[in-house]
Every structure is written in structure tokens, then in C-alpha cells.
Engineer: 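Below: one structure in C-alpha cells.
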Amino acid sequence: DSMLSWQRTSFHFQPEKNWMNDPNGPLYYKGWYHFFYQHNPHAAVWGDIVWGHAVSRDLINWFHLPLAIVSDEWFDINGVWTGSATILLNGKIVMLYTGSTNESVQVQNLAYPADHNDPLLLKWVKYSGNPVLVSPPGIDPNDFRDPTTAWYTSEGKWRITIGSKANNTGIALVYDTEDFINFKLSGVLHGVPGTGMWECVDFYPVSKTGQNGLDTSANGPHVKHVVKTSLDDVRKDSYALGTYDDKTGKWYPDNPEIDVGIGIMLDYGMFYASKTFYDQDKGRRVLWGWVAESDTEVDDVKKGWASLQGIPRTILLDTKTSSNLLQWPVEEVERLRLKGKEFNNIEVKTGSVMPLELDGATQLDIAAEFELDKKALESTAESNVDFSCSTSGGAAQRGALGPFGLLVLADDSLAEHTSVYFYVAKGNNGTHKTFFCTDQSRSSVANDVKKEIYGSYVPVLEGEKLSVRILVDHSIVESFAQGGRTVITSRVYPTRAIYGAARLFLFNNAIEATVTSSLKIWQMNSAFIRRYSNEQ
Ligand code: DQQ
């Protein structure tokens with residue numbers, strides 16, 4: 001349907017057609033980044049799930065390869081579900097994935113490359129003795145899935161974790177193995193009551209110096225450990241920072257009040273089933289996440305495709321706050337930057353909207369800074385201490401010190417626009433608390449698409465300006481506040497703000513404070529994402 005073809009993105013990973021969901025088994029091998037994904041090769045809706053496969057030199061430009069793992073055995077005949085790669089000490093690769101069996105229960109299976117000399121890892125072999133793991137007593141075989149990358153223990157064994165739930169407590173089961181064939185249940189890494197099924201658990205170390213990424217097996221006094229779970233009940237990815245004890249195989253949150261599932265979300269928008277891998281080439285940890293559609297299934301079928309992957313993000317500990325991660329688009333995406341334009345110290349008066357003149361606004365990389373008028377910041381009375389993005393009424397709801405920010409994918413008349421903004425609340429003791437939100441309620445005049453308001457608190461330290469990086473690509477908007485402390489991904493479906501009609505605006509809906517903004521904005525090139533052929 002050509003009416004919807006503008007929604008196709010230009011620099012985000014997506015299959016040629018049909019459905020995609022979770023990222024699977026990402027890894028770097030012999031010069032190539034490998035990306036596998038949950039894929040329905042037959043339709044633009046979830047079902048008949050197998051592993052799609054693509055390779056890249058730079059995480060941005062991709063070659064689509066043939067399906068890597070298909071469902072052709074009793075232990076995965078109802079679906080080759082999510083899994084992870086481990087690179088062994090001898091450099092060989094093992095893949096663990098969940099199979100939905102002939103009885104539609106969840107088991108864990110082992111697969112490995114048929115030929116380790118093939119840098120494209122085209123052929124995969126399933127271990128003949130699969131499954132290597134079935135659900136333990138007391139665990140529902142429908143709640144036992146998504147094995148992680150293995151890490152090495154001080155005992156010289158490999159350890160993995162698998163998401164599950166016990167009653168309504170989300171848990172991560174821990175298994176030890178020496179050969180990826182025989183596994184021993186050693187306990188529970190962590191669990192949080194009331195959080196429901198934990199899908200796609202991720203577990204990895206981050207450096208306390210915040211300098212570079214770490215191999216999944218790294219441990220010691222210089223690291224903190226992250227537990228991430230995908231909360232099936234609320235369809236959001238949540239993480240917490242904590243301490244891992246190799247002896248007991250247990251992990252403890254730094255702050256039990258911001259534990260996994262009840263504290264911080266990795267992304268407050270559309271971002272689910274995410275998974276990291278250690279890029280041994282660049283010494284960084286990279287995060288992939290599934291960005292679903294929020295239009296109708298009927299439209300997805302018309303388009304012939306559904307879902308994107310977010311631009312891969314480097315993950316570091318924020319050493320300035322010690323209480324959150326920093327997520328940032330991989331540096332390679334900057335190679336797509338074309339013409340750049342700078343806007344310096346633009347004054348945005350209270351209650352105003354200002355166009356930013358650009359040659360186009362559907363493929364952008366935006367870096368913006370904002371400063372609230374200092375006098376207003378001081379003189380204003382206590383305001384909006386109970387603010388929350390999702391219940392606030394959105395970007396049109398005016399407060400003393402916000403909202404202000406950008407309107408992306410907007411049309412000239414502003415009938416359509418997606419607001420990406422800050423909102424500052426002031427407590428009675430004079431302290432400020434900053435929120436970062438996106439409002440999709442006016443993102444499209446269509447009425448059959450979801451138009452949520454997303455967002456949360458963002459830490460802002462003394463002396464810091466407010467800053468945001470935004471990647472715009474036709475129907476996706478990824479927004480990173482304060483260097484990636486709080487992140488929001490939106491899917492939007494404008495009908496007017498498309499192609500040459502899309503515009504970008506600054507806005508300030510604060511009642512009491514002028515905002516000064518400086519921006520650098522680049523047009524973005526399209527990525528090369530094609531089928532691999534030997535002729536090329
Ligand atoms: N998607 C997979 C499951 C996983 C879920 C099935 C998360 O393995 O739990 O497609 O989106």
C-alpha cells in the first residue's frame with residue numbers, strides 16, 4: 001500500500017518484509033557483526049517464529065542472509081524462540097535458544113555453527129541430543145525461556161540464567177554447565193515479587209570507571225552488575241544496578257527500592273526484549289532492542305512488514321550519578337550524517353513555537369541544549385512536585401517551568417507533531433526535579449494508532465545544561481536525555497508530516513521562564529540494507 005510506504009525507515013534495521021521481534025544472539029566474529037532476530041517469514045504478524053540473520057561491518061549497514069535456525073524438530077516445531085550466543089575460550093560459538101515443542105512447552109536447545117571458518121556463519125547445526133534443558137520441578141513449562149549469554153565462574157564453569165516466574169514473582173534461574181549439554185540448576189540469581197514473568201533476562205558487568213565495555217565474564221571490585229528483565233505484564237524493559245556474588249550465584253540490587261521491575265526502565269517508550277553483547281573488536285557493550293508498531297495489525301498487513309530494531313546503543317555506567325546506565329547510539333551512526341546546520345542561542349519566549357529552517361525533517365540527527373532563564377528558575381514558587389509525564393496531560397499542559405523542547409515530524413499547521421520535551425518541577429525547599437517526556441497525542445490525525453505520553457525523571461547535576469539527542473527516521477523517534485540517562489523511543493504515524501512536508505519546531509510552553517536553545521542538526525543518509533549476493 002503506497003499510502004503507508006513512507007513509514008518504512010531508512011537507517012534502522014528491519015527485514016525486507018514480514019514480522020520481526022526480539023533481537024537474538026548478537027555477536028562479533030571474524031570482522032562481522034552478526035544479528036539474529038525473531039522472524040515470521042510468512043506474514044507481518046507474530047507466528048511461525050524462526051531466526052532471521054543479517055551481517056554488518058559497522059552495525060548500521062546490513063546484508064540480509066538466509067534464515068539461520070528454522071523450526072524443523074519436535075523440540076522447536078512450534079517456534080525457534082529467543083536465545084543468546086556465547087563465545088567459548090577457544091573462540092568457538094555456541095547458541096542457546098528456547099524451543100516451543102510439539103506440545104507447545106518451552107525447552108532450551110543448543111546450536112552451533114557448522115563451519116567456524118565461515119565468517120558469515122551461514123549454516124547452523126542443532127545438537128542431536130536437544131533439548132539440553134527442560135523446566136525444573138515447580139516451574140510451569142510455559143514460563144521457562146530466553147537463555148542468556150553464559151559467563152565464566154571462578155570455579156571454571158559456565159553459568160547462564162533463564163527467565164521465569166514463581167506465582168507472581170519474576171525470577172531468573174541460574175544453571176552451571178561445562179559443556180552446554182549437561183546443566184545443573186544452582187538456584188535463583190534474583191527475584192522480585194509482583195513483577196510477573198521475566199522475559200529476555202540480560203545480565204552483564206559494567207565498569208565502575210565508566211570507560212569501556214566489559215566481557216560478560218568480567219568480575220571483581222571494579223565492576224557493578226546489571227540485571228535487566230523484560231516485563232511481560234507491562235511490556236517494558238527494566239534494569240537495576242547491583243552486586244553479583246560469584247560464590248552463591250546471587251545478585252543484590254544497590255537500592256532495593258529501585259529493584260528490577262519496580263525502578264528504572266531502560267527506555268520509557270516502545271522498546272522491548274532487549275539484549276546486549278560484548279563487542280570484543282571495539283571493547284564496548286552494545287544494546288539491541290525490539291521496537292514494535294503502535295498502529296493497527298490491519299495496517300501492518302497492508303504494509304507487509306512490522307517492527308524495527310532500535311539503533312544499537314553503547315552501554316556504560318554513569319559514573320557521575322552511579323545510579324543509572326548511559327545509553328548512546330553507536331558512534332557508527334554518525335557516519336550517516338550529511339549536511340549539518342547550527343542554531344545558536346535561540347530565545348524561545350514563553351508560550352511560543354518557532355520553526356527551524358531545514359531542507360527536510362524525516363531523517364535527522366539532532367543534538368540540542370536548553371537553558372531555562374535563571375531568574376525565573378529562582379523566583380518561581382513551588383510547582384508541580386507530583387508531576388509525571390504519562391498523567392500530565394502532555395506538551396500542551398502549561399506549567400511554570402515547562403514543558404519546552406522540540407516538535408518533530410510536524411506539519412506546517414501543527415495539526416500533527418510529536419513533542420520531545422523537558423519539564424522542570426520545583427519543590428518547596430527550592431530544589432528542582434527534571435522530567436523528560438515524549439507526547440504522541442498529536443502525532444497523527446489518524447485515530448486508529450496508539451498515542452501515548454511517555455517519560456520519567458531524568459537526573460540533572462549541578463551546572464549541567466539540559467540536553468537531548470534525537471534520531472528521527474520516518475516513523476521512529478529515539479530520544480536520549482542528559483547523555484543517555486533517560487531514553488524514550490516512539491513510533492509515530494503522521495499522515496501530513498511526511499516526506500517534504502515534515503518540519504521541525506522549537507517550543508516553550510512554560511508560563512514563567514524563557515528558554516535559550518542551541519542546536520546542531522544533521523540530515524541523515526539512508527543505510528545500505530540489502531540481501532547478500534555473491535555477485536556484489
Ligand atoms: N518473544 C519470544 C520469547 C520471548 C518473547 C517469542 C519476548 O522467547 O519471551 O517470540 O518478546
Side-chain angles (χ1 to χ4, degrees), residues 14-15 18-26 35-53 67-71 75-85 95-101 104-111 130-135 139-149 160-165 170-173 195-203 227-239 260-261 265-267 269-276 287-294 297 300 306-310 489 491:
Q14 51 184 134
N18 293 324
W19 169 269
M20 168 172 70
N21 56 296
D22 316 355
N24 291 156
F35 183 68
F36 305 86
Y37 55 92
Q38 294 281 280
H39 181 44
N40 180 350
H42 307 128
V45 298
W46 189 87
D48 297 347
I49 295 290
V50 295
W51 278 30
H53 184 194
L67 300 176
I69 308 181
V70 297
S71 72
F75 51 77
D76 59 18
I77 199 72
N78 277 303
V80 181
W81 287 2
T82 282
S84 307
M95 206 61 97
L96 288 174
Y97 70 91
T98 298
S100 179
T101 70
S104 285
V105 299
Q106 293 154 19
V107 298
Q108 315 314 325
N109 301 315
L110 170 63
N130 277 338
V132 292
L133 257 178
V134 300
S135 59
I139 292 292
D140 187 326
N142 291 303
D143 299 325
F144 181 60
R145 58 184 178 273
D146 312 330
T148 61
T149 294
I160 60 164
T161 177
I162 299 176
S164 184
K165 70 172 177 187
I171 56 173
L173 299 165
T195 56
M197 175 65 195
W198 282 8
E199 295 188 316
C200 303
V201 173
D202 199 9
F203 178 70
V227 174
K228 186 279 310 185
T229 67
S230 298
L231 302 165
D232 196 16
D233 291 356
V234 294
R235 310 301 289 175
K236 293 257 187 266
D237 278 14
S238 172
Y239 75 90
V260 197
M265 300 298 149
L266 206 42
D267 185 306
M270 254 332 200
F271 191 83
Y272 194 68
S274 67
K275 184 184 294 301
T276 61
L287 172 77
W288 281 99
W290 166 38
V291 181
E293 302 292 326
S294 55
E297 210 167 86
D300 293 345
S307 300
L308 314 169
Q309 299 293 327
T489 299
R491 293 304 307 282

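As the structure lists them, so they are numbered: ligands from 1, and atoms in each ligand from 1. Everything numeric in this text was worked out from a predicted model, so none of it was measured.
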Engineer: Is the side chain of T148 donor-acceptor paired with the backbone N or O of I160 at a distance under 3.5 Å, no angle test?
Structural biologist: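 Judged by distance alone, no pair lies under 3.5 Å.
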Engineer: Supply the atom-to-atom distance M95 CE to N109 CG, rounded to the nearest 0.5 angstrom.
Structural biologist: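 Here the interatomic distance stands at 13.0 Å.
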Engineer: Just distances here: any N/O of W290 and N/O of ligand 1 closer than 3.5 Å?
Structural biologist: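 No, no N or O pair falls under 3.5 Å.
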Engineer: Can you tell me the protein heavy atom closest to atom 6 (C) of ligand 1 and the distance?
Structural biologist: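 Its nearest protein heavy-atom neighbour is Q38 OE1, 3.2 Å.
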Engineer: Can a side-chain donor-acceptor contact be found between D237 and S230 if the only test is distance below 3.5 angstrom?
Structural biologist: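 Yes, side-chain donor-acceptor contact under 3.5 Å.
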Engineer: Less than 3.5 Å between some nitrogen or oxygen of E199 and one of ligand 1, yes or no?
Structural biologist: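 N/O-N/O distance under 3.5 Å: yes.
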Engineer: With respect to E199, which candidate in K275, K165, R235 satisfies the salt bridge (Lys or Arg N to Asp or Glu O under 4.0 Å) definition?
Structural biologist: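 Result for salt bridge (Lys or Arg N to Asp or Glu O under 4.0 Å) with E199: R235.
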Engineer: Within the 4.0 Å heavy-atom shell around D146, which atoms of ligand 1 are there?
Structural biologist: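 Counting atoms of ligand 1 from 1, those under 4.0 Å from D146 are 3 (C), 4 (C), 8 (O), 9 (O).
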Engineer: I'd like to check whether W81 has a polar contact with ligand 1, where a contact means an N/O of the residue lying under 3.5 Å from an N/O of the ligand.
Structural biologist: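 No: no nitrogen or oxygen of W81 is under 3.5 Å from one in ligand 1.
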Engineer: Do N24 and T82 pair up side chain to side chain, a donor and an acceptor below 3.5 Å, judged on atom types alone?
Structural biologist: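 On atom types as modelled, these side chains qualify, holding a pair under 3.5 Å.
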Engineer: Below a 4.0 angstrom heavy-atom separation, can you tell me which part of D232, side chain or backbone, both or neither, approaches ligand 1?
Structural biologist: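 Neither; nothing of D232 gets under 4.0 Å from ligand 1.
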Engineer: Considering only protein heavy atoms, which is closest to atom 11 (O) of ligand 1, and at what distance to one decimal place?
Structural biologist: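 For atom 11 (O) of ligand 1, the nearest protein heavy atom comes out as D22 OD1, 2.8 Å.
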Engineer: Below 30° counts as parallel, above 60° as perpendicular, anything between as tilted: where do the rings of H53 and F36 land?
Structural biologist: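 The rings of H53 and F36 lie parallel, inter-plane angle below 30°.
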